[in-house]
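This report concerns only the one structure given below.
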Amino acid sequence: MKFGVVTFPGSNCDYDAYTAIKVLGEEVEFLWHKSSDLLNSDVIILPGGFSYGDYLRSGAIARFSPIMKSVKEFAQSGGLVIGICNGFQVLLESGLLPGALLRNAHLRFAGKYIYIKVENNSTIFTSVCQPGEVLKIPIAHMDGNYYNFDGEIEYLKKQSQIIFRYCDKDGNISEAGNPNGSIYNIAGISNKEGNVIGMMPHPERAVENILGSSDGLKIFESIVKSFSKGMAIERA
Amino acid sequence: MSNKKATVFVRLKDGVLDPQGITIQKAILNMGYDQVASVRSGRFFELEINAEGEQGDKKIEEICSKLLSNPVIENYTVEYEK
C-alpha cells in the first residue's frame, strides 16, 4: 500500500509523516503542492505545519494549490485522505469536511501530550482500536478549536462522524481534558462516506515509545488493515 | 479603464466565539473604560480590480465568498469607491 505525503510551502510535519510510514513498513512518497500528480498513492496524508504561512486563515490558501485539486477529486471518488492538524484545516477549507477551526479559546499555542477517546472504531482509520479506547497523542496548534452549528453537531453525532474526542487519562470526556475549547470536545471527524478524516492531534509524532507514545501508529495500522481487507475499495 | 476599488470587511457571524475580541475587551476594561460592553474583532482588505460595473462587482463577490471569508463562520460586506 502506498502513502503520499503532500508538502505545501510551510508544511513542517511532512517528514514526520513520511518517517511514521517508514516505521510502519509501508511505501511512501512526497507529493509537491505545485504538482497535480498523486503518483498512484492509495492514501493521501495532508500533514501539519503552517501552509502558506497560515496567511488569511489556516489552510485557506493551500486549498487552491494544484495538488489539492487532485486530492479533492481523489477524495470525491472514494480515495482515502487523512488531514492532520494543518491538514485538517485544509480539508475544512476545501469543503471535504464540515465545520471550521477557530483560534484556541485560551488564545495560546497548545503543544503537549493529550488524550483522545475513540468514539467510533468501525472506521477505516480506527479499525484496530477498541471501542472507547484512549490514545495518548500530542497536539501542537494555535487554531484547533472545532466549531460547527448545533444542528450540524447533532447531525455528525447521528452519522457517527465524530471519530475522536478529547478526554482525560481515564477516558472521561471533560472540560479539563479539552485543550482548545472545541465544541463537544471534538478532536477528529470524518466525512459522511468515511473515506476522509481530519484530526488535530499528531499521530505521526507518536509512533515509537521513545517518543513518549506509540498510540499514533494505530491510526496508520488501521488504514493498512482496512485497505488490505478491501474496506476502502468497497466503500469507494 | 480605471481600477475599481473595493474595501471588504470580514466579520465573525453572530454567536461564533471570538476569543480575540473577548481578550481585547478585557484589556479595555482593565484600562478603566468600563462602559465597553463587548468587542468583536474582524479584518478588512482593500482590493483594486481591473473590471468595471456589475462585472467587477460580481468578481469581487466571488473572491469574497471563495477566499476572503469562510462562510461557515464569517460574513462579509463590501464598500465600493470610484
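In what follows, chains carry the letters A, B, and so on, assigned in the order in which the sequence lines appear, proteins first and then strands, with residues in each chain numbered from 1.
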- Relative to chain A, which of B/V16, B/L17, B/N70, B/I22 shows the most heavy atom pairs under 4.5 Å? B/N70
- Please look at A/E152 and chain B and tell me whether the side chain, the backbone, both or neither of the residue comes under 4.5 angstrom of a heavy atom of that chain. neither
- Query: Do B/R11's NZ or CZ and the ring of B/Y76 fall within the cation-pi criteria of under 6.0 Å and 45°?
  - Reply: no
- Item | B/L67, part contacting chain A, at a heavy-atom distance under 4.5 Å | both
- Considering only NZ, NE, NH1 and NH2 on the basic side and carboxylate oxygens on the acidic side, decide whether B/E61 and B/K58 come within less than 4.0 Å. no
- Check whether A/L56 gets within reach of chain B through its side chain, its backbone, both or neither, counting any heavy atom under 4.5 Å. both
- Sort B/V10 into side chain, backbone, both or neither according to what part of it lies under 4.5 angstrom from a heavy atom of chain A. neither
- Task: Run the salt-bridge test on B/D57 and B/K4 with the 4.0 Å N-O cut-off and return the result as yes or no.
- Result: yes
- Note on the structure: Value for CD1 (B/I28) from CG (B/D34), rounded to nearest 0.5 Å, stands at 12.0 Å
- Among A/H141, A/R103, A/R108, which residue meets the side-chain hydrogen bond (donor to acceptor under 3.5 Å, both in side chains) test with A/N180? A/H141
- Task: Heavy-atom distances under 4.5 Å only: say whether A/N104 touches chain B with side chain, backbone, both or neither.
- Result: backbone
